[in-house]
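Naming: A, B, ... by sequence-line order, numbering from 1 per chain.
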Amino acid sequence: MLLVRIAETSAALAATPSRNVKRDLIAGVLSEATAEDIEIVISYLSGRLRQRRTGVGWRSLLDLPVAAAEATLTVAEADRAFELIADLSGAGSTRARVSAVVELFGRATDSEQMLLRGLVFEELRQGALDSLVQEGLALATDVPVAAVRRAAMLLGSTAAAGVVLRRGGVDALTAVGLTLGVPVLPMLAASAPDTGAAVDKSGLPVAVDFKLDGIRVQVHRDGDVVSIYTRSLEEITDRLPEVVSAVRSLAEPQLVLDGEVLAFRVDGRPEAFQVIASRTASQVDVAAQAARTPLSVFFFDLLRAGDRDLLDAPLAQRIEVMAEVLPPSMIVPRVLAEDEATVGSVFADAVSRGYEGVVIKNVTAGYAAGRRDAGWVKIKPRHTFDLVVTAAEWGHGRRTGLLSNLHLAARDPGTGELIMLGKTFKGLTDELLRWQTDRFLELETRRTAGTVHVRPQLVVEIACDGIQRSSRYPGGIALRFARVLRYRDDKSPSEADTIDQVRLLANTP
DNA sequence: GTTGCTTATACTC
DNA sequence: TTCTGACGCATTCGG
DNA sequence: CCGAATGCGTCAGAAGAGTATAAGCAAC
């Protein structure tokens, strides 16, 4: 298939708001794709390259060659080019990568260059990603969407499901099962502001799991072979030797487990997220790091034990089997709750012991991978501060022409200076965006690239999940997941919160 | 040639 | 990771 | 009884914080 077919479809997708029209457009392209092309075509339609990392970023795409006049590139040729580019390494590879990129883009027309750019950045902005492609695939092949979704979850991608479907038809698609060593898309949790809202979503009874602020891991074991995958299904087995040996020590030889790795401080409270993230991201000198910061693994789900496939079993049953095959020390702290009051007390207990909150899980629900429905609902405490806006950045995409990203600062009670703690663009309605754009332009003092600096006059109430150590910001701390709640018209900057008040969050025992 | 700093990329939440 | 807004579908409301 | 209004689930897209690593480059 010619790449221009995808490029034109992508443009058409972007041009229509209707999900049904998008689905039909996708189905049209997929019905034309050959068995050889189908994986690439599905990948591209859902806005992704097949290659996980190519080493090509915005810098490499700064100056692109003049576009080709005629559309000759095929999807297979584009894929092969990215395959070669991804393989480059060592001295001189940066230059080689640039010239390979230039060559590829030089063969692409204008619309194809736009498509390739979108694929590289995963910012196609055509209003269709995986789920709509799944609907299109189902329509094109006359297969129920649910069957496509299920195979995609079990195989880790829609593209993989499409290959099976094209090669072996519906029968092959429905025959796809959980396979040891093939990671499944992880189940995701919805969120709720408090226990009442959470229980409304999940129903009762529920398992109330402590929410561990670490790194999600999916662990497969087939005898001596243990594989560990991240949330995005990247394999990180070699980075977590203690998890490998912990799982190898279990009696059950065949397992698929879902859990979180965590580290502890000497006082027994969980380490900061950054410490665990650093461990999980490190590939060099793993043994020394493991000695310095040992990780613990806590599993909260079990999808396979021996020949028992538990994917569709209710959580209550999966919990029972977990108790059979795992020692209590490897199971997430968890309480079964019949009522909201119990959920509330477990939440309070988890937070007071330094955990991130809780995730409540309906005990009748199966493992619905890749979906963010009401089966799991997370609850986290919400901290709020009144901070001063010192600048705002011009938005992109649907926020073009609007001042969007706010620079937030707290007062230094000693000097009276404002100390920047981070930025946020979240929580702003369209109306608020328009209002603040006008207001900031009135308060403008100077302008730097993409940023309008303003007189520190406006106070916003900001919610965040917590604070973290920062080497970037002058106060040594930064806000985690900051979002705007409202402007405090009733407060002047002198009444905003101080950096000391913000720091108190870090020092909770 | 080695060392140390900077930049780009890719990943976690 | 969080949040807002738009779409599509099902259910309820009103003349 | 039928079209309009409303509610809800699902999806897309706006962009934050940190950390590690490889390659490039300047200084010794």
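- Note on A/E123: nothing from the nucleic acid sits closer than 4.0 angstrom, heavy atoms only.
- With sequence neighbours excluded, the residues satisfying side chain to side chain contact (heavy atoms under 4.5 Å, CB included) with A/N20 are A/S18, A/R23.
- Pairs engaging residues 134-143 of chain A under the side-chain hydrogen bond (donor to acceptor under 3.5 Å, both in side chains) rule: A/Q134-A/R149, A/Q134-A/T158 [sequence neighbours left out].
- How far CG of A/D79 is from CG of A/L49: 8.0 Å, rounded to the nearest 0.5 Å.
- A/K423 comes within 4.0 angstrom of sugar-phosphate atoms only, judged by non-hydrogen atoms across all strands, and of no base.
- The distance between atom CG of A/L387 and atom C1' of D/dG16, rounded to the nearest whole Å, is 14 Å.
- We find that CG of A/D285 is positioned 13 Å from P of D/dA22, with the value rounded to whole Å.
- In this structure, A/E103 places its CD atom where only 12 or fewer heavy-atom neighbours from other residues, nucleotides or ligands lie under 6.0 Å away.
- Of all nucleotides listed (D/dC11, D/dA20, D/dG18), D/dC11 comes nearest to the side chain of A/R149.
- Between the CG atom of A/N20 and the P atom of D/dC11 there is a distance of 13 Å, given to the nearest Å.
- Among the atoms of the strands shown, none is found under 4.0 Å from any heavy atom of A/V484.
- Taking atom CZ of residue A/R486 and atom P of nucleotide C/dC3, one finds them 16 Å apart after rounding to whole Å.
- Among the atoms of the strands shown, none is found under 4.0 Å from any heavy atom of A/Q289.
- Residue A/A482 is classed as having no contact, given no heavy-atom separation below 4.0 Å to the nucleic acid.
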*If the sugar-phosphate is the primed atoms plus P, OP1 and OP2 and the base is the rest, what is the B/S/- string for nucleotides 4-13 of chain B, using protein heavy atoms under 4.0 Å?*
----SSSSSB

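- The side chain of A/Q274 places no N or O atom within less than 4.0 Å of a non-bridging phosphate oxygen (OP1 or OP2) of D/dG18.
- One finds a side-chain N or O of A/N405 lying less than 4.0 angstrom from the OP1 or OP2 phosphate oxygen of D/dG16.
- Protein atom CG of A/L485 is 11 Å distant from nucleotide atom C1' of C/dC3, rounded to whole Å.
- Distance A/E122 CD to D/dA15 P: 17 Å, rounded to the nearest Å.
- Of the side-chain N and O atoms in A/R483, one or more sit less than 4.0 angstrom from OP1 or OP2 of C/dC3.
- Remark: A/K201 is not in phosphate contact with D/dG9, judged by side-chain N or O atoms under 4.0 Å from OP1 or OP2.
- Mapping A/F425 and A/R23 onto DNA chain C by nearest heavy atom places A/F425 closer to the 5' end of the strand.
- Taken to the nearest 0.5 Å, the CE atom of A/M187 stands 5.5 Å off from the CH2 atom of A/W376.
- To the nearest 0.5 Å, atom CG of residue A/L132 and atom OG of residue A/S46 are 10.5 Å apart.
- Dashed line: the shortest gap from a side-chain N or O of A/T424 to OP1 or OP2 of C/dT2 is not under 4.0 Å.
- When each of A/R382, A/K380, A/K426, A/R480 is tested with A/D465 by the rule salt bridge (Lys or Arg N to Asp or Glu O under 4.0 Å), just one qualifies, namely A/K380.
- Picking from D/dC11, D/dA12, D/dG18 the nucleotide with the shortest atom distance to the side chain of A/Q468 gives D/dG18.
- Distance from the side chain of A/V284 is smallest to D/dT21 among D/dA12, D/dT21, D/dG18.
- Here A/H453 contributes atom NE2 and A/E444 contributes atom CD; the two are 9.5 Å apart, rounded to the nearest 0.5 Å.
- For A/R399 and D/dG13, the CZ to C1' distance is 9 Å, given to the nearest whole Å.
- Using a 4.0 Å heavy-atom distance criterion, A/I276 is classed as making no nucleic acid contact.
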Please tabulate, one pair per line, all N/O donor-acceptor pairs under 3.5 Å involving side-chain atoms of residues 285-299 of chain A, not counting sequence neighbours.
{"residue": "A/Q289", "atom": "NE2", "partner": "A/S282", "partner atom": "OG", "Å": "3.0"}

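- Look at A/K426 and you won't find any side-chain N or O under 4.0 angstrom from OP1 or OP2 of C/dG5.
- C/dC3 atom C1' lies 11 Å from atom CG of A/L433, rounded to whole Å.
- Note on A/R19: every side-chain N or O is 4.0 Å or more away from OP1 and OP2 of C/dA6.
- Between A/E122 and A/R48 there is no salt bridge, since no side-chain N of the basic residue sits under 4.0 Å from a carboxylate O of the acidic one.
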For nucleotides 24-28 of chain D, list the nitrogen or oxygen atoms of the protein found under 3.5 Å from its nitrogen or oxygen atoms, one pair per line.
{"residue": "D/dG24", "atom": "OP1", "partner": "A/G92", "partner atom": "N", "Å": "3.3"}
{"residue": "D/dG24", "atom": "OP1", "partner": "A/T94", "partner atom": "N", "Å": "3.2"}
{"residue": "D/dG24", "atom": "OP1", "partner": "A/T94", "partner atom": "OG1", "Å": "3.3"}
{"residue": "D/dG24", "atom": "OP2", "partner": "A/G92", "partner atom": "N", "Å": "2.9"}

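- Residues that satisfy the salt bridge (Lys or Arg N to Asp or Glu O under 4.0 Å) test with A/E260, not counting sequence neighbours, are absent from this structure.
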